[in-house]
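Residue numbers count from 1 along this sequence. Here the structure is a predicted model, which is why all the values come from computation and not from measurement. Both counts, for ligands and for their atoms, begin at 1 and track the order of listing.
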Amino acid sequence: MRFSTLGLQANIVAILDSLGYDTPTPIQQAAIPQVLAGHDVMAGAQTGTGKTAAFALPLIQRYLTTETSDKAIRVLVLTPTRELAQQVHQSFVRYSQGLSLSAVVAYGGASINPQLDALNKGCDVLVATPGRLLELVIKQYIDLNSLQTLVLDEADRMLDMGFITDINRIIKRLPESHQTLFFSATFNDEVFALSKTMLNQPKLIEVAERNTTATQIEQRFYEVDNQRKAALTAYLIGANNWQQVLIFTRTKEAVDALAKELKKDGISTAPVHGDKSQGARDRGLEDFKSGQVRALVATDVAARGLDIEQLKYVINYELPYNAEDYIHRIGRTGRAGNTGLAVSLVSHKEKYLLEGIEKLTSEHYLLQWQEGFEPNPEMQEATNSAKRKPSKKNMRAKALGMKGNNKARTGRPRRRS
Ligand code: AMP
């Protein structure tokens, strides 16, 4: 299948040729004709599937082929994070090079003035995070009366991040009749409830099974004590000679601590989280992309929207509290048909999080030990007894003499009990 068969006009296909895009991805095949026809769309699409082009290309064409009397914002794309906003904006710029379309990006945590300057020069497509968008509207820097299409990108994440009130306030300010495109990597009741309030007879598009992880990603799970995670991370990167690794932690503190440890081990590392200035975050990402640093350590929020071509390795230094974040995290690798490896380090206390992920993905994962980093059962026992009374399961294990069972500590993969 070619892009031209989806109804895209020659000048857009020529741009895609120049970018080396030969074949539309499944989400592009399904979504482009529907968006071109003006339908509302509800799409379940994982990161790395080409979903940005799936909405950007037909919207660029619709913009170029429909006449309006005034110069006003016609397309609004809402994204949960500034990184994703930047990435989507860059995509619009790339996909419309040489065409008369102006795309502007606006997000919080950065001075509003350059964004206002860009808006004042004329804006056809605005990509924004919800908070900054509301600020622009409330202060009457922009109006959305001529809006034709609203895109909600990564709707599940927007809800996770508590943007529901902002989204509802924004929707109230849009003209009665407009097209809405709703993209979400995962679906739950909350996401469905929001989609119902926003969409009008939507075309449903699903290119991968809901809540499943992308298939070209190999997933490995190492059971390891918390105290040894940093050493295991450094070992995996060093021993396997991984040159570009994205590492996730749950907190900003853990990002900083791990980055420090990895640097001590001689692995060049950039920490990225919400307390870093935008400049520092951009620099970290650039250095990572250009290969100047080997490891990028980030929180879920900071990593959202990072588009790094051919990223091969992702390490979950800590499992996320929200199982759906696991899908987002590992979706950073194996992008656009490439293969990837996602390694998760699972401490004893995190096993319940792994169970949550298994439930969500309907898969069973094999927990293995890395030789030299086997978990210490005494340590686990100590953590357990310090925290709570022994569970029935532990008492039974003790009664069966399973405490300190060295036989299982061979480094070979084993099934989790
Ligand atoms: P996305 O899911 O929108 O974040 O896109 C993931 C990556 O795939 C980006 O680096 C895009 O540049 C790339 N991409 C999107 N569509 C295509 C295509 N049809 N052919 C090749 N690469 C693509």
Presence of salt bridge, Glu318 and Lys229, under 4.0 angstrom
no
With sequence neighbours left out, the residues meeting side-chain contact (heavy atoms from CB on, under 4.5 Å) with Ala106 are Gln115, Leu126, Ala128, Arg132, Leu136
Separation between CD1 (Ile170) and CG (Leu133), nearest 0.5 Å, reads 4.5 Å
Within the 4.0 Å heavy-atom cut-off, what Arg94 brings close to ligand 1 is side chain
Nearest heavy atom to atom 14 (N) of ligand 1, choosing from Phe183, Phe55, Tyr21, Tyr95, belongs to Tyr21
Inset, instruction - Before signing off on this row, confirm whether Gly50 and ligand 1 have an N or O atom pair separated by under 3.5 Å. - result: yes
Applying salt bridge (charged side-chain N to carboxylate O under 4.0 Å, His left out) to Asp265 and not counting sequence neighbours gives none
Per side-chain hydrogen bond (donor to acceptor under 3.5 Å, both in side chains), His273 is matched among Asp256, Thr299, Thr249 by Asp256
Numbered in order shown, the ligand 1 atoms found under 4.0 Å of a heavy atom of Thr23 are 18 (C), 19 (N), 20 (N)
Counting heavy atoms under 4.0 Å, the part of Asp22 that contacts ligand 1 is neither
Here the atoms of ligand 1 under 4.0 Å from any heavy atom belonging to Thr52 are 1 (P), 3 (O), 4 (O)
